[in-house]
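Below, read A as the first sequence line, B as the second, and so on, with proteins coming before strands; counting in each chain starts at 1.
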There are 2 protein chains.
Amino acid sequence: MSEDDDALMVRAAWFYYVGGLNQEMTAARLGLTRARVNKMLAEARESGLVSISIDHRRVGVLPLEDRLRTRFGLDFCISTPAFGFHDTSKQDSEVRKQIAFRAVGVAAANHLKTLLSENDSLTVGTGWGRTIEQMTLHLAGVRAPHARFISIMGSLTANNAYNPFEVVHSLARRTGGEGYFLPVPFIADSVDDKKVLISQRSVVKALEIARSASVCFISAGELTEESLLRRQGMISGTELESLRQAGAVGDTNGIFFDSEGRQVDHELNERTIALGFEELKALPVLLLIAGLEKIQAARALLRSGVVNGLIIDGDAAEALAALGE
Amino acid sequence: MSEDDDALMVRAAWFYYVGGLNQEMTAARLGLTRARVNKMLAEARESGLVSISIDHRRVGVLPLEDRLRTRFGLDFCISTPAFGFHDTSKQDSEVRKQIAFRAVGVAAANHLKTLLSENDSLTVGTGWGRTIEQMTLHLAGVRAPHARFISIMGSLTANNAYNPFEVVHSLARRTGGEGYFLPVPFIADSVDDKKVLISQRSVVKALEIARSASVCFISAGELTEESLLRRQGMISGTELESLRQAGAVGDTNGIFFDSEGRQVDHELNERTIALGFEELKALPVLLLIAGLEKIQAARALLRSGVVNGLIIDGDAAEALAALGE
DNA sequence: TTGACAGCGTTACATTTGTCAACTTAAAAT
DNA sequence: ATTTTAAGTTGACAAATGTAACGCTGTCAA
């Protein structure tokens, strides 16, 4: 059924997007109702089956990008156009974030596409999160059979689309490459448990691959009740508070750092299963930042010296530039 | 102006397609009217600045494709979904053709994209026409700095978008590769003139590149008053008639052939400046067919032995399969 | 100078699309 | 066998989109 359904979606997408038929015509040709076609098309876009791409080569480097690049000593900085959301009320905030995720996801996907087509074989490390998820959705039309995608951290318990497992799986499927991930929880229950977990043979092997990544895509989390980490129940309210006490301002892959980008001294950092800062420093790391909530964490992380490239949404870029040194 | 305009178009496209703002919002953000944004977006799609792509990998090989492939001894055959235009009245015929051109163009662009990303450097020969034009429009998001694009035929006098010059130029621009073309008319005024033209050094050099192409994309023309060749005034009504007398049923790149796919014995074939059948036979040749009008010519050309791969629209594929052996 | 002309804004209107609630069917679960 | 669920259909409606008519303004060439 699912396969059948997929084929139908492809046909509908062809009729509508390539053929330029309207939804009514499309429905008639496929023997469906317009409402169904409408939903299928929406799903097709959402799932990344059809993807729109913009020939962005035509716009030069924005001055803002260059400013951020030099200020943080990066190899490159890519900013999406600013959407200019100042006016917005509280209720739109989810929508705004969603837009930022998508925009940065598209930009990141484009960048990854370039990397994949320029290098025959590539080992790509990835983090997790909604921005990363969007990146996987908008990566379309690249064949990279020799590419390897490896999660640089453990997995969530809930099986969300932004779970490392899903991320790696989706990337591998879309490119025809191979996907690897760490088959262990993201945050172990105790330091001793972590030792057991990371000593598993398959985990050791996966971590080895991760450490040899040609490039890593990571994102940052803010440290509030609204953060994804908190909402997913990966950390408790008490833990969050104690992290704050320890000076933490954000996390990447479950590693918590202070405003200077140093890993904080906290028990949680001992339980996280992911590549640490020292390991990341040895790799080319690209940081994806979407949303104003993230700029504190972004600045800290950029100061840490682990980041080599930044992909950020226009609004956050402006805010970050405006943040004092 | 044009550059400014382009940048505006890109920004509008970002807001609308990536950001998901509606046209009114987009207009407000850019300080324009909605009507203008609407037109800009339409232009952006038409010019190929934004392009939608469908992850076609999810549909398997259609039985029809396989039938055509084996029947004509091809390496591969790609068919777009059939749009199923039977019912249509005469006035829609231009619309129908346009849809077919686009569909085949998209499929061809996808194929070319794959080729470019799999081979680091590639020399791509191209013909001319509306299908080829569409192929260039839908080729987006590939960087292939080492690719070379070469027209395998002379140019038109009128500077249309489907002129070999434009085709090659567009391909080169979109991929960052290099474009070459034959700076001579497509059909010389006399056999003697042709001799002079093709002896020009730059022409000799370009033909040399063409003969070394890694792959050639060609299309076919039917031999009626409605054919592009005739409409562009490249051949006169009298010439068309005499070609018919000589047994010709179609052309590719201005070379006329009979229903068995043999070059007809006609003065025009002596005046055409393009790679001939013998030269094409030495190269991997992909034939693009869009529209029912072309199936006679397609069958003939497929019989000639010059074609290695076929990309065809679904309706024409059905009709071609139904045509007797 | 002036008149043709292209580009754009404004407004109005037709078409298309997105969405919802109520109803039907078919399969899955109990 | 009956209840739940999931998925689709239908009809209706609001929102978004595509188009066209008209007038203003600046440019360019006669």
Asks: Is there a donor-acceptor pair closer than 3.5 Å between any side-chain N or O of A/Arg29 and the backbone N or O of B/Phe83?
Replies: yes
Asks: It should be established whether A/Asn22 places a side-chain nitrogen or oxygen under 4.0 Å from OP1 or OP2 of nucleotide C/dT16.
Replies: yes
Asks: Tell me the closest heavy-atom pair linking A/Ile54 and B/Val18, and the distance in Å.
Replies: CD1-CG2, 4.0 Å
Asks: Would you say that A/Arg36 contacts A/Leu8 through its side chain, given a criterion of any heavy-atom pair below 4.5 Å between the two side chains?
Replies: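 Of all side-chain heavy-atom pairs linking A/Leu8 with A/Arg36, at least one is under 4.5 Å.
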Asks: Return the CZ to CD distance between B/Phe15 and B/Gln23, rounded to the nearest 0.5 Å.
Replies: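 If I round to the nearest 0.5 Å, the distance is 14.0 Å.
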Asks: In whole angstroms, how far is the P atom of D/dA15 from the OH atom of B/Tyr16?
Replies: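 My rounded result for the distance is 17 Å.
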Asks: I'd like to know if the side chain of B/Ser170 reaches the main chain of B/Val167, judged simply by a donor and an acceptor atom lying under 3.5 Å from each other, with no hydrogens or angles considered.
Replies: no
Asks: About how many Å separate OG1 of A/Thr136 and CG of A/Leu112, when rounded to the nearest 0.5 Å?
Replies: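 These two atoms lie 10.5 Å from each other.
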Asks: With the sugar-phosphate defined as primed atoms, P, OP1 and OP2, and the base as all remaining atoms, what B/S/- string results for nucleotides 9-14 of chain D, 5' to 3', for protein heavy atoms under 4.0 Å?
Replies: SB-B--
Asks: Give the angle between the helix axes at the two ends of the helix from C/dT1-D/dA30 to C/dT30-D/dA1, taking five base pairs at each end and rounding to 10°.
Replies: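 So the angle between the two local helix axes works out to 30°.
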Asks: Is any side-chain nitrogen or oxygen of B/Gln23 closer than 4.0 Å to OP1 or OP2 of D/dG18?
Replies: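 B/Gln23 to D/dG18 OP1/OP2: side-chain N or O found under 4.0 Å.
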Asks: Without decimals, in angstroms, what is the distance between B/Met40 CE and C/dG9 P?
Replies: 10 Å
Asks: Testing the 3.5 Å rule here: is there a donor-acceptor pair between the side chains of A/Tyr17 and B/Arg45?
Replies: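 No.
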Asks: Does A/Asn38 have a side-chain nitrogen or oxygen under 4.0 Å from the phosphate oxygens OP1 or OP2 of C/dT17?
Replies: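 Answer is no, no contact under 4.0 Å.
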Asks: Using whole Å, what does the distance between atom P of nucleotide C/dA14 and atom CD of A/Glu24 come to?
Replies: 18 Å
Asks: Any chance you could measure A/Ile132, atom CD1, to A/Phe101, atom CZ, to the nearest 0.5 Å?
Replies: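 With rounding to 0.5 Å, CD1 (A/Ile132) is 11.0 Å from CZ (A/Phe101).
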Asks: Quick one: B/Leu41 CG to D/dT19 P, roughly how many Å, whole number?
Replies: 12 Å
Asks: Over how many whole Å does the gap from B/Leu21 atom CG to D/dA15 atom C1' extend?
Replies: 16 Å
Asks: To the nearest 0.5 Å, what is the distance between CZ (A/Arg96) and CD (A/Glu293)?
Replies: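 Going from CZ on A/Arg96 over to CD on A/Glu293, the span is 7.0 Å.
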